[in-house]
Structures are given as C-alpha cells and as structure tokens.
Trainee: 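Handing you this structure, nothing more for now.
Note that this is a predicted model, so its numbers are computed, not measured. Just so we're on the same page: letters track the sequence lines, and every chain starts at 1.
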There are 2 protein chains.
Amino acid sequence: MALEDRLRYTTENCSIARSLDILGEKWTLLILREAFYGLRRFDEFARILGCGRAVLTGRLHTLVDEAILERAPYQQPGSRSRFEYRLTDKGHEIFPVLMALLEWGDRWTADPAGPAVDITHRGCGQPVSLTMTCAADHGPLTVRDIEAKPGPGARPTA
Amino acid sequence: MALEDRLRYTTENCSIARSLDILGEKWTLLILREAFYGLRRFDEFARILGCGRAVLTGRLHTLVDEAILERAPYQQPGSRSRFEYRLTDKGHEIFPVLMALLEWGDRWTADPAGPAVDITHRGCGQPVSLTMTCAADHGPLTVRDIEAKPGPGARPTA
DNA sequence: CAGTATCCGGTGCGATACTG
DNA sequence: CAGTATCGCACCGGATACTG
C-alpha cells in the first residue's frame, strides 16, 4: 500500500488493533505463554510469573470473558474440587502470536546460552518455524514479497 | 512440556518476554503497523494513529534505540530537509507478529464488513497466510502438533 | 488452595500548550 | 513540520491481609 493510499483510510476496523485491545495489556501474553506450557491454576500462574495476584485476577477474568480461557472445575482424587483455566480453541489459535514473538526474540535479542525453549514437531522432533506462504503455494515469503491492500472492510476517510 | 517440567525452570531468558519488553507497550505495534503500511513521518503517525505526541516521541526513540526504525534525513525537492523513520531489517522481521495478530483478529473479532486490509503475494496476487512447519517439511501444523521443550538456555530453578 | 480487598507509590497515557 | 513541556488522572504492581 502506498502512502497516499494509506492516508485515504481510517484506522477503524483494524484486526490488529482489536487483537491488541484484548491481548496487548502487560502480563496477558505471558499468562498465555504459561497456559501453552501447561499451567492451569491460579497459584501456579502467580508463582511462575511473579505478577501481582490482583493483576492476575483481572487478566484471567478478561481472558475468560473473551472465551480465550475457560474456567472449569476439576477434581484431584482425594482433594476437594478446584478450578482450572484451560485454553479454548480461540485461545489455542493465539499461539502463532507467541511463536512470532519467540522467533523474533530468539533472532534479535538472544541470550548467549541459547533459547530457553525449543519448539518441535511432536512425533518427528524437528524444529518448527513460522512461514508466510500464499494460496498459490509460493513461499516461504518475506515481508518484501507481500503487499497490503485495502480490503472490503476498509473505511475511507470522510 | 508437562507441568512438572515447567515448574523446574524459571522465566528468565524468555525470548517472548524480551520481545514484549520492546514491543509490548501500548502504541508500539500500531506504530509499526503504520510503518509497514508506508508511513514515515512524525506528523503522519500522529495524525493517523491519534496517539499523544509525547507518547509518539517516546516510542519512536525507543524503536530507533532498538534499531527497529532508523531516523534518516530526507529532502523533498523545494522544501527543507526533514527526518523520516524507516524500518530496518530487524524492524522488517517484526511483520510476522503483526500478521499473527491480524489473522487472529480477522478470525475471532471480525468486522461484518470484512477485513480492512488484505495481505497478498506481490506478483501473484494470492492471499498470504502464516503457517507453522517443521524442518522436515511437515505441515501446516497446529499448536496441537507441536511440543515445547526446555532448550540449551533454560534456567533450572534453584 | 484460590482467590478478593485494600492501600499506596510510581508511571503510562491523554490532553493541552508551547517552540524552532 | 517535528517535536518538547507540563499536568492530572488512571491504572499497575507490590505488599499485606482476609475469606471460603
């Protein structure tokens, strides 16, 4: 999209902005990172993340309201019923966001010791990476191969 | 990674957290979105985004400090020299983060009118999407196909 | 264990105004 | 055009305490 084109449209109806409204607050994506790593319970999140419990309460509520996590009772044999937070399908699909942050961080802000986590294909064990491809199966593409064009929902400036 | 494994490691040396330290403040990714769409100048960012100019100043400085944007003088014929902000290579590689947010937002928070922007393969014109694949070329993978394992830089808890 | 409630100091952000 | 300065408030995170 050329500059003059961009200036013809507003920033309303932006999926990136809407995603960030939900996911962009501090701690939210870190909570989800731990959810992907397998954490489920309030105290586990609080302990591992080291964030304030009040903040955690708020973020978990938001995530449940947005149907990214679901709060479900569970029962450990021999103890009383508790609640846990599990990723929904909507939540699971956030993973590429974390993956993109992980890859960029690994590449540009790496720790000399190497990555703290390896993402592998379960089964074959090979490392996984994020790639951009087009519907005609060209790829992997870089940002220089792609073009952003106004779509059907673009709002022209008044 | 199973829960018990996760609890054996700290959250230090996390590339996701480091990326978010740089990119996670409000407005930062929206500034970069506009940079990808072609904006270059202070007042363009301020006008399109509608964020406070002080905030914009701060974010641009951070992004320049991090070598995500570079501030370069440029000269329009007939007017005096000005500065513009351009994405560096490090900056260009942030695009998958925005792409992931865009795809998730398109899928889960869509506007009834449709997406405001279409990302296409320049040249062939087909829509572009983000996919996860492994080094053995299995894919596209979903999050359920992948496994997160402690890497060489993982820090065991004391 | 799984939260909620409260207080408190710091900071991020929005709004506004000013400058070269 | 490209910022800087200032102000006020909301929110954020830390600490602590309380509840079922």
Trainee: Within the 4.0 Å heavy-atom criterion, would you say B:R71 contacts the bases, only the backbone, or no part of the nucleic acid?
Mentor: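 Here B:R71 touches the backbone only, sparing every base.
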
Trainee: Identify the heavy atoms of B:L141 and A:V128 that sit nearest to each other, and give their distance.
Mentor: CD1-CG2, 3.7 Å

Trainee: Compare every heavy atom of B:A113 with every heavy atom of A:R155, then report the nearest pair and how far apart it is.
Mentor: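 It is NH1-CB, 4.2 Å.
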
Trainee: Let me know the distance between CD1 of B:I48 and P of D:dA2, rounded to the nearest Å.
Mentor: 14 Å

Trainee: Salt bridge or not between A:D21 and A:R18? Use side-chain N to carboxylate O under 4.0 Å.
Mentor: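 No.
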
Trainee: Between A:I31 (CD1) and C:dG3 (C1'), how many Å, whole number?
Mentor: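 Taking CD1 of A:I31 and C1' of C:dG3, I get 14 Å after rounding.
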
Trainee: Rounding to a whole Å, what distance do you find between B:R40:CZ and D:dA2:P?
Mentor: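 Going from B:R40 (CZ) to D:dA2 (P), I get 13 Å.
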
Trainee: Which one is paired to C:dC8, where only Watson-Crick or G-U wobble pairs with both distances under 3.5 angstrom count?
Mentor: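 In the structure as shown, C:dC8 has D:dG13 as its Watson-Crick or wobble partner.
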
Trainee: Measure the distance from CZ on B:F83 to P on C:dG20 and round it to the nearest whole Å.
Mentor: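 Nearest whole value for this atom pair: 17 Å.
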
Trainee: Touch check for A:Y85, heavy atoms < 4.0 angstrom, all strands: base, sugar-phosphate only, or nothing?
Mentor: sugar-phosphate

Trainee: Which residue lies toward the 5' end of DNA chain D, A:R53 or B:F42, if each is placed at its nearest nucleotide?
Mentor: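 With A:R53 and B:F42 compared, the 5'-side residue is B:F42.
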
Trainee: So does B:R107 pair up with A:E93, basic N to acidic O under 4.0 Å?
Mentor: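 Yes, this pair counts.
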
Trainee: To the nearest Å, how far apart are B:L56 CG and D:dA5 C1'?
Mentor: 16 Å

Trainee: Could you state the CZ-P distance from B:R47 to C:dA15, rounded to the nearest angstrom?
Mentor: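 Taking CZ of B:R47 and P of C:dA15, I get 18 Å after rounding.
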
Trainee: Once you apply the 3.5 Å cut-off to both distances, tell me the Watson-Crick or G-U wobble partner of C:dT19, or none.
Mentor: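 The answer is D:dA2, by the H-bond criterion.
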
Trainee: Could you check whether the side chain of A:R41 and the base of C:dA2 have a donor-acceptor pair of N or O atoms closer than 3.5 Å, going by distance alone?
Mentor: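 Counting by modelled atom types and ignoring angles, no donor-acceptor contact under 3.5 Å is found here.
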
Trainee: Below 4.0 angstrom, N of the basic side chain to O of the carboxylate: do B:E84 and B:R82 qualify?
Mentor: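 Result for this pair is no, no salt bridge flagged.
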
Trainee: Is B:R40 close enough and on-axis enough to B:Y85, meaning under 6.0 Å and within 45°, for cation-pi?
Mentor: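 So B:R40 doesn't make the cation-pi contact.
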
Trainee: Enumerate the protein-to-nucleotides 10-14 of chain D contacts in which both atoms are nitrogen or oxygen and the separation is below 3.5 Å.
Mentor:
| from | atom 1 | to | atom 2 | distance (Å) |
| --- | --- | --- | --- | --- |
| D:dC12 | OP1 | A:R59 | NH2 | 3.3 |
| D:dG13 | OP1 | A:W27 | NE1 | 2.5 |
| D:dG13 | O5' | A:W27 | NE1 | 3.4 |

Trainee: Would you please confirm or rule out a distance under 4.0 Å between OP1 or OP2 of C:dG3 and any side-chain N or O of A:T57?
Mentor: no

Trainee: Would A:E4 and A:R6 pass as an ion pair if we require N to O under 4.0 Å?
Mentor: no

Trainee: Are A:H61 and C:dT4 close enough that a side-chain N or O sits under 4.0 Å from OP1 or OP2?
Mentor: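 True: A:H61 side-chain N/O within range (under 4.0 Å) of C:dT4 OP1/OP2.
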
Trainee: Can you tell me the distance, in whole Å, between the CG atom of B:D43 and the C1' atom of C:dG20?
Mentor: 14 Å

